[in-house]
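Letters go in sequence order (proteins before strands), and every chain restarts at 1.
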Amino acid sequence: MNRREFIATGGALIVSFALPVWGQKLPGALDKEPLLDAWLRVGADGRITVFTGKAELGQGIKTAILQIAAEQLAVDMNAIELVTADTALTPNEGYTAGSNSMKDSGTAVLHAAAQAREILIAEAAKRLGVPAGELSAQAGEVRTRDGRRVAYGALVQNELLHVRAAPQSKLIARIADRKYMGKPVARVDIPAKVTGGAAYVHDLRLPDMVHARVVRPPSYGAKLKSVEMEPVAKMAGVLKIVRDGSFLAVVAAREWIAVQAMRALRTHAQWEETRKLPRDVYATLAQLPSQDSVIAGADAQPPQGARLLQAEYRRPYQLHGAIGPACAVARYENGALTIWTHSQGVYPLRGAISELMSMAPERVHCIHLEGSGCYGHNAADDVAADAALVARAVPGTPVRVQWMREDEHAWEPYGPAMITKVRAALDASGNVAGWQYDVWSNTHSSRPGKAGELAAAWSLERPFPPSPPRPIPQPEGGGDRNAIPLYKFPATRVTHHFIPEMPLRVSALRALGGYMNVFSIESFVDELAGAAKADPVAFRLRQLDDPRARDVIRFAAERFGWDAYKKQNGRGRGFAFARYKNLAAYCALAMEVEVQRETGELRVLRVVAAVDSGEAVNPDGIRNQIEGGILQSLSWTTFEAVMYNDARITSRDWGTYPILRFSHVPLAMEVHVIDRPGEHFLGTGEAAQGPAAGALANALAHASGVRVRELPFSPRRLRVTLNA
Amino acid sequence: MISGVALLTALAIVTGFSGCASRGAIAPGAQPQSFPRGQVAKGAELAHLGNCLGCHTAVDGKPYAGGTPIKTPFGTIYGTNITPDADTGIGRWSLEAFTRALREGVDRDGRHLYPAFPYDHFTKVTDEDIAALYAFLMTREPVRQENRTNRVPIPRAFVGVWKSRYFTPGVYQPDSSRSAEWNRGAYLVQGLGHCGACHTPRNKLGAEEKDAAFAGGEVERWHAPALNAASPSPVPWTVEALQQYLRHGIADLHAMSAGPMQEVTHDLSKVADDALRAMATYIVSLDTRSDAERRQHAAAALERAGKMRAMQGNTIYDGACADCHNRGRAEEGGALELPLGTALTVPTPRNLAYIIRDGIVPPEGERGSWMPAFAGMLTNEQLTDLLIYLRALSGQSAWPDVAREVRNISRGDQ
Amino acid sequence: MKLDVNGRAHEVDADPATPLLYVLREDLKLNAAKFGCGLGQCGACTVLADGEAIFSCITPLSVVQGRRITTLEGLGTAEKPGPMQRAFIELQAAQCGYCIPGMMMRAQALLEHKPAASEAEIRAALQPNLCRCGTHMRIVRAAVRAGELMRGKS
Ligand code: FES
Ligand code: FES
């Protein structure tokens, strides 16, 4: 009997508690999974387990959820065991992505825990014959005023928590009453990570586990013509060579032997390659057929007037580039498959793998374990598929597969190359009178769900073709994420040109199109401010009426010392702002840079950011996310572009794909969190990337007098552009 | 060994001071000046060709503002501020003064310049190119930065003596029996490129031995390989390979630029292809071996490399080097095949030792092949073993006294 | 092969050419040193050999025989964290944390040689190590703090 059947026949408590008002939306992910005991359970021994379908990606979600649960259940954080994404145990919350974890899962746990607490109090009231109003929950017990106590564990018989959630909850909301929420609680995952504990799927060691490496094709679509397996099969320690069509892998007892055998196998493999990567990606994107949709201002008139400005911006393919290449462990036994994975979506992965392996989904169990930070859809799912395929070839034996650095660089799905064009007119008073914005992009999600989204599936004897790419609809959007400015520009018209054909493999990279769109919009807003001879901050403020947007802008500008700034030679300041997805966290930031015209070297000296994530469950966690978002964006924006020739990806390591190193880390960074207790949680993990890119572009323009509209601002590009 | 200083003194006495005196000062030029864009752009390219940044920019310093220590056997000389700052740079230098510095090795005040500034090469540069360089430098960001005092125990007057003996001023004269491209290459290599400053051996007084031009020299304790018929490259260079090397700092069958040369190739990567091709044409022509001889060398080297590949390795090589160096470079993003690497065939193990210790890392934010630094990983004995093993891979006779070289290097001698 | 890791002698049965990283992880079941690139480009695998920070991914086992290897596990435990670990916990200097053990070991090598290293020296020393989550500001602060703790400031 599954949970849903159980509730249909379930006990009286369902009726006795809160019958949801049908059709009324439940908070967060409760709306999809309304049973309270899907989110938390209390054992007879009083042990509390909280379940979330979201995964820890280094963003601190475990800690934040524990804070919420402990607060609302009135227990110590240590008393709770947290179970994250697992297809056998947790709710199906799709992907841990889009900065939605707090909004979805955090909100669900918040209400589930608060409602569970009230149910426990009500049950105690019944048993003790005391009015519920005279009881309080504390440290895992319900207490009366006269000092009687009943432990939660003693209250939970009869599936007490197996009830549907109510639309409203009695939250512990007063700041003064709180122990955990709103406090910079130390992350629960950090001690293991800094002392060598087993913290990642990479660290999983199962008895009799073996190691495999995949010989990836040299380029997209390459076919394995022939391979001489004999010499490698004879190498000491090699257990098996697995071949299915062009999928080629080697299994060895020891990891280093697997690596060497993979290298050896590669030298014995002959491939047939196709040569069709685009020479000039921007020209190619401009020519490929697109599906156009006007996402704002379908009947807005094109901007007109004497003061008309226009610009085009470009962004290359960029890598996720996890520091630890993708890894998975799989075991195939008695027709069932268990996979330990750092996929962002264990349920969708299960769907894809079950199709790939022709297995019923119930026979596939995906368990999330942490990986190296992923920043979107990287190779985590692909390596899980590799592990599954290899595990089936060695039944009963757990197989660990890790990608090599060059596999990760060449095969992960990149953040798509994009082009944006913007035209705007200024009116007589120097305000925007019309705004037309166009963005061209491939999809920003080719995540699994289907076997065809897994790299290995394309190589099999009977391959699975990738699913047709789809745009992500507004209001979240994919390529058009954040394409609609938050500014009150009259006659705004925004068009998304979705390009189905993908010259290179692409998918979700942190912030998706939001990074490029905010970079473009915020660059152009500065260009307009310049044309209007207005201060960039004042120019933004006078065209924004969202008070929270205005607050972060004013706050960041003030803390930066915007108005008192003195320009020095070779230095400049820049400002940018966005509300992620126009519905998540607000982030504004100012920075000062120094640029060396001769060498093209761009250094950020100082960054000041202000963020409003609604109610801040863990302010330090928010700061950590924003700092990280800024630095990652500085790396993308300053250095990063995937290189390739007509057939192969040539960015294969950190030498051929340089990223930020310590020498380019800003000297100082401040992140100010504007807490809004009682407001909705707003996703934060992707709030800073766009604004950081915009501010960098604006500061570069201020420092050098030259507007650079193509990413990245690499030394090479700046040397040429600034001296042209 | 008699010190350079003593020799110089002796030379001064023998030659006498007459005729080597300082020259007159040139009056300050008018400021500020403006220059045609095209001229500035041309000057920029010439500045890269001459690797001016190399000596005139300190680590983490402002471009062209000087302060770079240049260690010579005669002491430490500091690159000067050549930004157009009026007080501390060359802001008051007229074109005439600037030209005289390059042509004659004399500063604006008329004092002799130490030949660490390679005017023995720059003298060959044409008026037109000097004017372009001047236009470029005069349009740089002026930086106020005082010049550091040189630490050379040799009075400037002695430099006059030295010049009278070793320095012949005069613009490059084309060889009409050669192609225009060859002549352009020769002009760039002998002139602004000042390749001989490192690749030609020097005598005890620090002057290039003209008879042994391009026979291999030393710079910052690195060996600068011979560019003539004595080239140590197992596969003789071709124009294409050398052009590729100058542009990208790497040529699959030869070498990856390292040490002082890395900076040069980095600068040259900003120079137009036709100039690089001309330089490569000239340099390859210095190797006077016949085509047949060169082909034979190449075939033998490749065959030897093939055999080495199959040879049982040594555990340090297998664990530390093979994963990249046996992978096949162009194919899989691997590294050079070591038996073809020039660092294994030069007369000293120093280059290879430095490369292993410090790695070869592309300049910050630039793409390039990456050789990691093994500093701290190998003991002196292990490094010695590895060097001996690698030298054997090259098929050359053993290096003399590798262990002592390694010890010297680890003591910080560089 | 004999190995001295974190003050304990180990006997491992592996090809002497095997990079140390694989032996630490597979034979000694130590988690901290991580595979990031296997190319000496990222520093995720950094450990100490006789106090020097090395890339264990390109260090053959044979060369560290008889040398003192220290991994992050040798600096303390979750229950009794050493100063470097205390500093990283105190400053919450991790996001995914994958790069962090390598960062800590490189900072440790510097501070062992130079207990009063400045922030600028710490940044310079950490140059070989990459972090993709953008935790750099905290890593630097934590390393500075570790220096203070080692010098006995609380
Ligand atoms: S894993 Fe060793 S340096 Fe990257
Ligand atoms: S914390 Fe994730 S890579 Fe550094």
Side-chain angles (χ1 to χ4, degrees), chain B residues 59-61 256 258 311-329 332-336 338 353 355-390 406 410 412, chain C residues 1 3-4 12 14-24 33 35-70 102 105-106 108-110 112-113 120-121 123-130:
Chain B
V59 178
D60 280 332
M256 179 166 158
M311 205 175 90
Q312 191 55 272
N314 114 331
T315 59
I316 303 182
Y317 179 84
D318 288 350
C321 322
D323 196 38
C324 291
H325 285 284
N326 287 7
R327 208 193 289 176
R329 206 193 89 73
E332 303 300 340
L336 293 180
L338 283 182
I355 291 173
I356 293 170
R357 185 189 65 181
D358 302 334
I360 309 175
V361 171
E364 185 83 13
E366 309 265 357
R367 284 161 223 297
S369 298
W370 185 295
M371 156 87 189
F374 286 85
M377 183 182 106
L378 301 171
T379 61
N380 284 354
E381 293 69 36
Q382 290 164 345
L383 178 56
T384 304
D385 284 353
L386 182 60
L387 290 169
I388 290 170
Y389 170 75
L390 292 173
V406 167
S410 81
Chain C
M1 296 241 114
L3 269 189
D4 169 355
V12 295
D15 177 349
T18 311
L20 174 63
L21 174 66
Y22 294 90
V23 174
L24 292 175
F35 178 86
C37 64
L39 302 166
Q41 298 178 347
C42 76
C45 62
T46 306
V47 301
L48 308 186
D50 287 339
E52 298 266 1
I54 60 166
F55 301 119
S56 66
C57 69
I58 49 172
T59 301
L61 201 51
S62 61
V63 312
V64 289
Q65 276 220 81
R67 291 167 63 192
R68 234 173 352 101
I69 307 297
T70 313
M105 294 319 285
R106 203 163 286 276
Q108 180 79 17
L110 173 70
E112 281 180 13
H113 287 132
E121 286 168 320
R123 286 174 177 245
L126 292 174
Q127 182 74 356
N129 287 36
L130 292 174

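Minimum interatomic distance between Thr59(C) and Met377(B) (heavy atoms only, all atoms of both residues): OG1-SD, 3.0 Å. Taking each heavy atom of Trp370(B) and Leu39(C) in turn, the nearest pair found is CD1-O, 4.4 Å. For Arg67(C) against Thr379(B), the heavy-atom pair with the smallest separation is NH1-CG2, 3.7 Å.
Using a 4.5 Å cut-off between heavy atoms, Thr18(C) makes no contact with chain B at all. Only the backbone of Ala375(B) comes within less than 4.5 Å of a heavy atom of chain C; no side-chain atom from C-beta onward does. Using a 4.5 Å cut-off between heavy atoms, Glu381(B) does not touch chain C at all.
Counting only heavy atoms from C-beta outward, the side chains of Asp318(B) and Pro60(C) never approach each other to under 4.5 Å.
Note on Gly38(C), Pro128(C), Ala17(C), Ala109(C): by heavy-atom pairs under 4.5 Å with chain B, the leading option is Ala17(C). Options Val361(B), Ile316(B), Asp323(B) differ in how many heavy-atom pairs under 4.5 Å they form with chain C, and the most are formed by Ile316(B).
Distance OG1/Thr315(B) to CE/Met1(C): 7.5 Å, rounded to 0.5 Å.
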